[in-house]
Undergrad: 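Shown below is the structure under consideration.
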2 protein chains.
Amino acid sequence: MSKGIILFGHGARNPEYIAPFRRIRALVEERQPGVPVEIGFLELTQPPLEESIAALAARGVTHVKVVPIFFAPGRHVLKDLPQLLGNAMDRFPGIEFEVAACVGEVEAVIEAMAAHAVAPT
Amino acid sequence: MSKGIILFGHGARNPEYIAPFRRIRALVEERQPGVPVEIGFLELTQPPLEESIAALAARGVTHVKVVPIFFAPGRHVLKDLPQLLGNAMDRFPGIEFEVAACVGEVEAVIEAMAAHAVAPT
């Protein structure tokens with residue numbers, strides 16, 4: 001079983017939008033060397049999620065964990081993402097997909113944001 | 001000098017979108033009891049930022065720190081937010097405004113998201 005991770009974001013017009021995704025990826029790669037990490041988006045920002053999945057497939061990954069970088073699991077995570085993954089399951093029948101909780105649901109992320117809100121500026 | 005904090009988000013159609021903001025607010029209130037914390041949005045989700053500012057003004061707050069709950073400082077933080085704050089400065093000339101870094105730029109938040117990405121599911 002060969003694992004891969006995709007950091008999944010909404011996307012935006014601003015090219016700087018990708019910066020935090022790159023930083024998360026760098027830390028993930030440090031902590032799990034050898035586990036490929038891709039970044040993929042719903043719209044606007046490149047690459048689209050479909051390409052990120054194809055990139056992992058090309059590397060022989062058989063288990064893809066999608067981590068939604070969203071504050072809350074709204075329409076994009078509950079409806080758009082499952083549709084995209086459904087298409088991917090047809091395209092890559094040898095790959096298992098799982099979806100982690102979105103980052104806004106993670107207590108440690110909430111705590112880090114609260115700590116930032118109270119920190120002196 | 002009476003301080004207040006606004007957690008500023010984009011907003012979404014899904015009413016659940018507000019949930020992480022409430023959780024951040026609860027933690028901030030624990031850590032800084034007595035400092036009023038409001039939540040305000042650019043669109044869709046209630047209340048709009050302007051109302052949150054007015055709520056703090058009504059409580060006698062003279063220094064408002066706006067904390068953008070965004071992954072990256074794109075158009076909404078760099079253009080829309082300053083416009084809204086400019087209007088607020090005209091409406092409430094006795095209030096000083098400051099804007100914190102957006103949460104996606106905070107190392108501890110990035111680390112918490114990376115830790116979540118590698119955690120077993």
Side-chain angles (χ1 to χ4, degrees), chain A residues 3 5-7 9-10 12-32 35 37 44-45 65-79 98-121, chain B residues 3 5-7 9-10 12-32 35 37 44-45 65-79 98-121:
Chain A
K3 219 173 73 167
I5 291 172
I6 296 179
L7 307 174
H10 182 279
R13 284 177 193 80
N14 182 353
E16 283 308 302
Y17 178 82
I18 203 171
F21 293 85
R22 289 194 177 125
R23 289 166 65 199
I24 299 168
R25 177 172 61 184
L27 287 182
V28 172
E29 288 171 338
E30 265 179 52
R31 292 172 194 209
Q32 289 194 339
V35 175
V37 187
L44 296 166
T45 309
K65 175 161 77 171
V66 179
V67 184
I69 310 300
F70 285 77
F71 293 116
R75 182 170 43 100
H76 300 309
V77 174
L78 297 177
K79 178 171 177 293
E98 74 170 299
V99 180
C102 72
V103 293
E105 295 182 295
V106 177
E107 195 58 31
V109 175
I110 296 287
E111 282 172 6
M113 294 194 280
H116 171 61
V118 305
T121 23
Chain B
K3 220 173 70 167
I5 291 172
I6 296 179
L7 306 173
H10 183 280
R13 285 177 193 79
N14 183 355
E16 284 308 303
Y17 178 82
I18 203 172
F21 293 84
R22 289 194 177 125
R23 288 167 65 199
I24 300 168
R25 178 173 61 185
L27 287 181
V28 172
E29 288 170 337
E30 266 178 51
R31 292 171 195 210
Q32 289 194 339
V35 175
V37 187
L44 296 167
T45 309
K65 176 162 76 171
V66 179
V67 184
I69 310 299
F70 285 77
F71 292 116
R75 183 171 41 101
H76 300 309
V77 174
L78 297 176
K79 179 171 177 294
E98 73 169 301
V99 180
C102 72
V103 292
E105 295 182 296
V106 177
E107 194 58 32
V109 175
I110 296 288
E111 283 172 6
M113 293 195 280
H116 170 61
V118 305
T121 24

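Proteins get letters first, then strands, A, B, ... in listed order; numbering begins at 1 in each. When reading the values below, keep in mind they use all heavy atoms of this one structure, side chains included, and skip hydrogens, waters and symmetry mates. The structure presented is a predicted model; accordingly, all values stated were derived computationally and were not measured.
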Undergrad: For chain A, find which of B:Leu7, B:Ile5, B:Ile69 contributes the most heavy-atom pairs closer than 4.5 angstrom.
TA: B:Ile69
Undergrad: Considering only heavy atoms from C-beta outward, does the side chain of B:Glu111 approach that of A:Arg31 to under 4.5 Å?
TA: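 Yes, their side chains come closer than 4.5 Å.
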Undergrad: Could you check whether any side-chain heavy atom of A:Val66 comes within less than 4.5 Å of a side-chain heavy atom of A:Glu98, counting everything from C-beta outward?
TA: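 No. Closest side-chain heavy atoms not under 4.5 Å.
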Undergrad: Which atoms of B:Pro73 come close to chain A, meaning under 4.5 Å heavy atom to heavy atom: side chain ones, backbone ones, both, or neither?
TA: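 Contact with chain A involves the backbone of B:Pro73 alone.
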Undergrad: Chain A heavy atoms under 4.5 Å from B:Ala12: which part of the residue, side chain, backbone, both or neither?
TA: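 Neither; nothing under 4.5 Å.
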Undergrad: Name all pairs fulfilling the ring-ring contact (aromatic ring centres under 6.0 Å, His included) condition that reach into residues 12-32 of chain B, sequence neighbours left out, sorted by first residue then second.
TA: B:Tyr17-B:Phe21, B:Tyr17-B:Phe41, B:Phe21-B:Phe41
Undergrad: If you count heavy-atom pairs under 4.5 Å between each of B:His10, B:Glu16, B:Lys65 and chain A, which one has the most?
TA: B:Lys65
Undergrad: Run the ring pair (Phe, Tyr, Trp, His ring centres under 6.0 Å) check on B:Phe70 and A:Phe71 step by step: do they pass?
TA: CA-CA 9 Å; B:Phe70 285 77; A:Phe71 293 116; 7.5 Å; no
Undergrad: Heavy-atom pairs under 4.5 Å with chain A are the metric here; pick the option from B:Val103, B:Leu78, B:Val37, B:Val35 that has the most.
TA: B:Val103
Undergrad: How about A:Val67 and A:Ile6: do any of their side-chain heavy atoms sit closer than 4.5 Å?
TA: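 No, side chains not in contact.
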Undergrad: For residues 112-119 of chain A, dump all side-chain donor-acceptor pairs below 3.5 Å to protein atoms at least two apart in sequence or in another chain.
TA:
unit_1	atom_1	unit_2	atom_2	d
A:His116	NE2	B:Ala101	O	2.7

Undergrad: Which region of B:Arg23, side chain (C-beta onward) or backbone (N, CA, C, O), has a non-hydrogen atom less than 4.5 Å from a non-hydrogen atom of chain A, or is it both or neither?
TA: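 For B:Arg23, the contact with chain A is made by backbone and side chain together.
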Undergrad: Considering non-hydrogen atoms only, spot the tightest contact between B:Ala100 and B:Pro68 and give its length.
TA: O-CD, 3.3 Å
Undergrad: Side chain, backbone, both or neither: which part of B:Gln32 has an atom under 4.5 Å from a heavy atom of chain A?
TA: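 The answer is the side chain of B:Gln32.
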Undergrad: Flag the one option from A:Glu107, A:Arg13, A:Arg25 with the top tally of heavy-atom pairs under 4.5 Å to chain B.
TA: A:Glu107
Undergrad: Which heavy atom of A:Gly104 sits nearest to which heavy atom of A:Ile110, and what is that distance?
TA: O-CD1, 3.4 Å
Undergrad: Is it the backbone or the side chain of B:Glu30 that comes under 4.5 Å from a heavy atom of chain A, or both, or neither?
TA: neither
Undergrad: With a 4.5 angstrom heavy-atom cut-off, which part of A:Ala108 approaches chain B: side chain, backbone, both or neither?
TA: both
Undergrad: Could you tell me which portion of B:Ile24 (side chain, backbone, both or neither) has an atom closer than 4.5 angstrom to a non-hydrogen atom of chain A?
TA: both
Undergrad: B:Ile18 versus chain A, heavy atoms under 4.5 Å apart: side chain, backbone, both or neither?
TA: neither
